2 protein chains.
Amino acid sequence: MAPATARFRDSPLLPGNCNACPVRRFASYSAVPAGSLNFLQSARAGQRLLPPKRNIYREEMEADEVFTLYDGWAFTYKLLPDGRRQILEFLLPGSFIGLHVLWFKAMPHSVQSLTPVSLCIFDKEKFRDLLRRKPAYEWELLKYSASRQALADERLSDLGRRTAKERIARLALVLHDQLAHRGLVNGGSFPFHLRQEHIADALGLTKVHVSRTLQGLRHEGLLEINRQSARILDFRGLRELTDYSESPAQERV
Amino acid sequence: MAPATARFRDSPLLPGNCNACPVRRFASYSAVPAGSLNFLQSARAGQRLLPPKRNIYREEMEADEVFTLYDGWAFTYKLLPDGRRQILEFLLPGSFIGLHVLWFKAMPHSVQSLTPVSLCIFDKEKFRDLLRRKPAYEWELLKYSASRQALADERLSDLGRRTAKERIARLALVLHDQLAHRGLVNGGSFPFHLRQEHIADALGLTKVHVSRTLQGLRHEGLLEINRQSARILDFRGLRELTDYSESPAQERV
DNA sequence: CGGATTTTTGAAAACCATCAACGCGGGTGG
DNA sequence: CCACCCGCGTTGATGGTTTTCAAAAATCCG
């Protein structure tokens, strides 16, 4: 049998050098001057490669590591006792994972890989020290936390006050913009690693209804999502359907 | 005509002295040693009293002040172009208001007073300086932000995956616990300043349905909410209905 | 007391969920 | 190389939760 890592051809090995890190500009510490990255480096406890559907954290459990998502997609979620699942957030490369473990014993949500994933690992205590000794990192993390909160605000409005069609259209636009920012969009189409069930669990719908709604959007020539990729067919149409502003609030600095 | 402040008999004047501040233990900087509160003091730009239904921030607008809610209730919300409203969070005394303005030009949501409210005002630039010069404050604010995020996670699960009855019951339990923490609960009953429409807009329902669901909960002897106060009638019943854990995640340190 | 706000009630319809079955495609093993 | 299986998406029929619209009753406030 092939070594476990053989399954991860798409997950390049981490450079082990924060200065050279290609996802640094999407990370929370993107504004920290490259010169002081050796402090970050010293908190690094290595890397980890995971296949899809593996838990990085589990709700209610304690943890002693925090992470930066180096490559691949993941998501945070909560499970109800009867099996209902709510996906809270999709995580793309550069995402900081585990803010909570810096203070709290029990994780408020689980985190799971969606694709093969590579993680940059930091020891919890060392990361705490880093933040306390280098306030520039702390400052950036606080800003990062504020910007994620703005995204959460929008998602909450989606679930509370928008129709299935609007929710799905907006999710596509958000992912589009986040991937465009990383240079991964090509003429409106971009890699898309969610199953319809993920869309359903993120947007408070059933997978059956997601399937039907997706077909509606396709037939109206607005949006096309299949197994591997998504494509925005009609930006204008989607924008007026969804009241989606071009520059999301959390990026208007 | 009486001076504007005459309407606010219930809003005691602020002490103007952070050491003596009675809401300090609920505020983000609760763990900052009392000795270094003079730094906080120096960033203070005074106080402000507002009647109910006044906006503290408005979505999309720029601001140059941040606040601590000293007394009264408020809430954050977003408005859709067609008038639909989503309430994101209810704010109780001690809440820090305006994290976003420290970095971003456009507020991601509006904030409005629910009752007469008194605010502790900080100049944005001075508060930024405070955070940068006194990392203890920054650290506490980051922790505070993480704990609010855990609350947002629960609310998102409510909207995405729970029924109207579960949502309302959980909202009551959350407010109960927050007020109990402040010593404002008396035998299961506590002050309650939301109209049914606020509950509806917070939980993604219509006010008509909230009215009907509230009657259901009352008839089942679980929960009673009227204009001034709420009362938990059956903790056990509510807990098993809602899967609500006694110590919410954000407080399990 | 009078006007505005809030809550309640009723009937009908919309949106989405549920249940169940079928189809499609990619990977695996024979 | 083909058959099979499994994960995923599709389709249809039906039902339930919640919405919408409209109006009346109750409460608050000046």
Side-chain angles (χ1 to χ4, degrees), chain A residues 1-2 6-7 9 51-53 80 82-86 112 114-116 158-169 171 192-219 223-230 241, chain B residues 1-2 4 6-10 51-53 80 82-87 112 114-116 158-169 191-219 223-230 241:
Chain A
M1 188 169 145
R7 299 188 55 200
R9 284 175 319 168
K53 300 189 189 179
L80 308 200
D82 63 359
R84 286 176 284 182
R85 179 175 70 170
Q86 177 62 43
Q112 187 172 114
L114 209 39
T115 65
D158 285 351
L159 296 209
R161 287 296 181 231
R162 281 188 245 254
T163 65
K165 197 163 149 188
E166 293 171 322
R167 296 181 207 182
I168 293 179
L171 175 59
F192 192 87
H193 298 297
L194 314 182
R195 311 293 86 199
Q196 292 187 359
E197 188 161 11
H198 296 120
I199 301 178
D201 286 346
L203 301 183
L205 303 167
T206 59
K207 54 189 182 183
V208 175
H209 197 60
V210 168
S211 170
R212 288 194 242 262
T213 307
L214 238 23
Q215 287 176 72
L217 287 165
R218 206 175 313 153
H219 290 143
L223 173 64
E224 210 167 46
I225 291 183
N226 56 46
R227 236 160 236 266
Q228 306 286 348
S229 69
L241 167 65
Chain B
M1 190 169 142
R7 299 189 53 200
F8 307 124
R9 285 173 320 171
D10 296 335
K53 300 191 188 176
L80 309 200
D82 63 358
R84 286 176 285 182
R85 178 175 72 172
Q86 178 63 42
I87 291 181
Q112 187 173 114
L114 209 38
T115 65
D158 285 351
L159 296 209
R161 288 295 180 232
R162 284 190 242 253
T163 65
K165 195 163 152 189
E166 294 170 323
R167 295 180 207 183
I168 292 178
F192 191 86
H193 298 297
L194 314 182
R195 312 293 84 197
Q196 291 187 3
E197 188 162 9
H198 295 122
I199 301 178
D201 286 347
L203 301 182
L205 304 166
T206 59
K207 54 189 179 183
V208 174
H209 197 59
V210 168
S211 170
R212 289 194 241 261
T213 307
L214 238 23
Q215 287 177 71
L217 288 165
R218 206 174 311 152
H219 291 143
L223 173 64
E224 208 167 47
I225 291 184
N226 55 45
R227 240 160 232 263
Q228 307 286 350
S229 69
L241 167 65

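Computed from a predicted structure; not experimentally measured. As a basis for the values below, the full set of heavy atoms in this structure was taken, side chains included, without hydrogen atoms, waters or symmetry mates. Convention: sequence-line order gives letters A, B, ...; per-chain numbering from 1.
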(request) Provide, to the nearest angstrom, the distance between the CG atom belonging to B:Leu194 and the C1' atom belonging to C:dT6. (result) 14 Å
(request) Please check if the side chain of B:Arg84 supplies one atom and the backbone of A:Arg161 the other of a donor-acceptor pair under 3.5 Å. (result) yes
(message) From CG of A:Leu203 over to C1' of C:dA17, roughly how many Å is that when rounded to an integer?
(response) 16 Å
(message) Output the rounded distance in Å from NZ (A:Lys207) to C1' (C:dC16).
(response) 16 Å
(message) I want to check one thing: is the phosphate of C:dT8, taken as OP1 and OP2, less than 4.0 Å away from some side-chain N or O of B:Ser211?
(response) yes
(message) What's A:Leu205 touching, base or sugar-phosphate or nothing? Going by heavy atoms closer than 4.0 Å.
(response) sugar-phosphate
(message) Please classify the nucleic acid contact of A:Val208 as base, sugar-phosphate, or nothing, using heavy-atom distances under 4.0 Å.
(response) base
(request) Using whole Å, report how far NE2 of B:His209 lies from P of D:dT20. (result) 12 Å
(message) Has A:Arg195 got a side-chain atom pairing as donor or acceptor with A:Arg227's backbone, closer than 3.5 angstrom?
(response) yes
(message) Tell me whether the side-chain N/O atoms of A:Thr206 come closer than 4.0 Å to OP1 or OP2 in C:dC16.
(response) no
(request) Would you kindly give the CG-to-C1' distance between A:Asp82 and C:dA17, to the nearest whole Å? (result) 14 Å
(message) Does C:dT7 have OP1 or OP2 under 4.0 Å away from a side-chain N or O of B:Gln215?
(response) no
(message) Donor-acceptor pair, distance only, cut-off 3.5 Å: does the side chain of A:Arg162 make one with the backbone of A:Arg167?
(response) no
(message) Any side-chain N or O of A:Gln196 below 4.0 angstrom from OP1/OP2 of D:dT10?
(response) yes
(request) Only counting residues at least two apart or in another chain, list the ones meeting side chain to side chain donor-acceptor pair (under 3.5 Å) with A:Gln196. (result) none
(request) Give a yes or no answer on whether the side chain of B:Gln228 reaches the backbone of B:Phe192 with a donor-acceptor pair at less than 3.5 Å. (result) no
(message) From CG of A:Leu214 over to C1' of D:dC8, roughly how many Å is that when rounded to an integer?
(response) 13 Å
(request) Take the protein atom CZ of B:Arg195 and the nucleotide atom C1' of C:dT8, then report the distance between them rounded to whole Å. (result) 15 Å
(request) Using whole Å, report how far CD of B:Glu197 lies from P of D:dT20. (result) 12 Å
(message) Is there a side-chain contact (heavy atoms from CB on, under 4.5 Å) between B:Ile199 and B:Leu205? Walk through the geometry before answering.
(response) CA-CA 8 Å; B:Ile199 301 178; B:Leu205 304 166; 5.8 Å; no
(request) May I ask you to evaluate whether A:Arg218 reaches the phosphate of D:dT10, defined as a side-chain N or O under 4.0 Å from OP1 or OP2? (result) yes
(request) Could you pull out the closest heavy-atom pair between B:His193 and B:Thr115, with the gap in Å? (result) CG-CG2, 3.4 Å
(message) Tell me the bend of the helix from C:dC1-D:dG30 to C:dC15-D:dG16 as the angle between end helix axes, each from five pairs, rounded to the nearest 10 degrees.
(response) 40°
(request) Establish whether the base of C:dG10 is bridged to the side chain of B:Arg212 by a donor-acceptor pair shorter than 3.5 Å. (result) yes
(request) Would you indicate what B:Lys165 reaches in the nucleic acid, counting non-hydrogen atoms under 4.0 angstrom: base, sugar-phosphate, or nothing? (result) nothing
